[in-house]
Amino acid sequence: MKHQYRLGIDAGGTFTDFILADREGGLRIFKALSTPQDPTLAIRNGLAVIEEETGIGPRDLVSNADLCINGTTVGLNALITHSGARTGLIATKGHEDSIEIRLGHKEDGYRYDPDYPPATMLVPRYLRRGISERVISTGAVHTPLNEDEVREACRHFLREGVESVAISFVWSVLHPDHELRAAEIVREMMPEARLTVGSQLYPQVREYTRTSTAIVNAYLAPILSRYVQAVDGYFQGLGARQPVRYFQSNGGLALGSVVSDQSVYAINSGPASAPRAALYLGEPYGLEDIITVDMGGTSFDITLTRDGQANVSKNIDFLRYRIGIPMIQVETLGAGGGSIGWIDSMGLMQMGPQSAGSEPGPACYGKGGERPTTTDANLVLGYLNPEGLVGGRLPLSVEKAREAIRKHLAEPLGISVETAAYGMFTIVNNNMVNAIRRVSVERGYDPRDFVLNCAGGATGAHITALAREMGIGKVLVSKLASGLCAFGQIISDVKYNYMAPIAAWLEGAEAARRLDETFARLEEKGRADLLADDFAPDRIGIRRSLDMRYVGQVHECTVSVDPFPIDEAALERLKAAFHARHEELYTYAEPHSPVEVVNVESAISGAVERPARMRIAQGAGAHAALSGTREMIFDASGRKHETPVYDGAKLGAGDVVTGPAVIQEVTTTIVIEPGWVAELDQNGVYVVTVASAAGAAPERAAALAEA
């Protein structure tokens, strides 16, 4: 670290998390309620909390920080709520409806469902304008660009109050001149509008994907631009020495100017930092196969790393919109602390995806919420501190939690409040387990081969139950777990993706030369951009990927490789990597079939110096941290067990807690179920494993813990 502090900020649906690192190795976590109506207000509130608890004022902190990093849900929320900018599309005439035709079918999982409604179009039909022009697949011009039609489209957009324009022509990646000329006309006639040019944003083969990606970018660009302008201005006013960095969906940091222009990269920026944090936590133990689960107030996010690499996807349907750019693979569902319990038409209890969010929040918050939520259930089960969350800053009402569960679930179902609460807990766990299976079992991974990593403020109450259901025997819970994504941001590198289309069989010297020259061109630009951002040459890293397929196949798969000179002999290495990846994905390979490459990409990263690891002093034994007991419920019988409660702040390295027990950290609560043991290590990580006496009676485990 060059200066005294580094600050990471991760804005979630309910809480905004702050991680503050200092040069001496200190790491602290702070929380403020998110303010969706004004996301910058949560930043001000969080800095006020930091000042209250540390005495460090916002100006002193920011002016002495080497990096201030922001992960935001602004773009994600706009896409979910369809509250983006009024957007117009300029397309090749006859291709205005490609975003509705899509690929001729609905998303996977709904392909044959006649009742599944079409996606809401981000650009309605009357704001799509077809232009006479045509480039064919060789890159040759078949029909010149009709500039008058572009001007007429601009006049129409001005009349309709269009704020942002996307341009996407057929085969523009091979001949971008038409798009570039149309962009000049738009800038001339609509100087205030944001502009997205498809061949510049996503220079890859596949028209529908490129057009859809350009539209999503244009739809979000004005919102992200205003957000970046507000945040940058606020931090500059506090004396920031460095520009604010924003976390991207590709797992790296970027300047605000990049996020404003390439807003599609900021859609899922929050949870995308989880794999980096997970690998950092697993490094001292040599762990590289990690499933990270992040349960906040609104959603539940899952990411997976295999052999030290995060899963990265391209060409995916995200919230029903095809996005081509590389994104850390995040499985998300509506299962957070605010998920609402309800009874369906068949009289069965359900949980979510509706959420109470931060306003009004769960019933136990006492802020007007009346529906029972996961947090209410956890409070009734005894898992949460009835004195309040976030160190008592957020008081809780057991009475209001019980009343909400009684009124809406227990009485209608004819069961006790305790049984209903455990039912809510079980159902939300099952929902999360099914989602974990989607990123593991359904993609060919056995979850039992992985470690489960806990992230998010609400996850700790469920983590051992999830591990038990998945058959996972080891769990990592950092003291920073509730802000793990913010922590992942402050240890992440700057990263940009550079792409190019290239159609070539992997045969012969000419194909090798074209590939080598294309990669060299992309990487030269990437190095120049990072050198201009003050990165030394030895801090710049490169990772390549190629979209390849067997000749005649319709779809390709992405193969990642390290950079190396590509000559005719090196083509065999690329083909071998493709055969191996194809077999991994589809269980077979065709080594004797010819292989072709369609697109290439270089991910260029600038390594950021990491802050020192957290260090925990040696403990005096868990008994020294025992703060009392509380009645808790661990099964459907509703039977209550007097269970020890430990103050996490008083636990030291080497201290062991045997379940059943609860460890109360300031910003999260960790439930150690019967049959599990947690040991705190010197890095500030609880390593939770199945006890040798798994299944011991809760009363005996509690007695052992108190002894």
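In what follows, residues are counted from 1 in the order of the sequence shown. Note that these values count all heavy atoms, side chains included, but never hydrogens, waters or copies made by symmetry.
Arg125 contributes atom CZ, which lies 8.0 Å from atom CD of Glu100 (distance to the nearest 0.5 angstrom). Considering CG of Asn217 and OH of Tyr265, their distance stands at 9.5 Å, rounded to 0.5 Å. Interatomic distance, Glu133 CD to Thr92 OG1, rounded to the nearest 0.5 Å: 3.5 Å.
Proximity of a side-chain donor or acceptor of Asn250 to a complementary backbone N or O of Gly252 within less than 3.5 Å is detected. At least one donor-acceptor pair under 3.5 Å links the side chain of Ser269 to the backbone N or O of Thr72. Gln204 places a side-chain N or O within 3.5 Å of a backbone atom of Ala500 that can act as its donor or acceptor partner.
Between His156 and Tyr126, the two ring planes are perpendicular [angle over 60°; tilted spans 30° to 60°]. Classified by interplanar angle (parallel below 30°, tilted 30° to 60°, perpendicular above 60°), the ring pair His175/His178 is perpendicular.
Geometrically, Arg573 engages Phe564 in a cation-pi contact defined by less than 6.0 Å to the ring centre and at most 45° from the axis.
Checked for salt-bridge contact, Glu152 and Arg159 meet the test: a charged N lies under 4.0 Å from a carboxylate O. With salt bridges taken as basic N to acidic carboxylate O contacts below 4.0 Å, none links Asp547 and Arg206. Salt-bridge check for Glu584 with Arg581: passed, with a basic side-chain N closer than 4.0 Å to an acidic carboxylate O. Note on Glu510 versus Arg514: no salt bridge recorded, every NZ/NE/NH1/NH2 to OD/OE distance being 4.0 Å or above.
For His592 and Tyr550, the gap between ring centers reaches or exceeds 6.0 Å.
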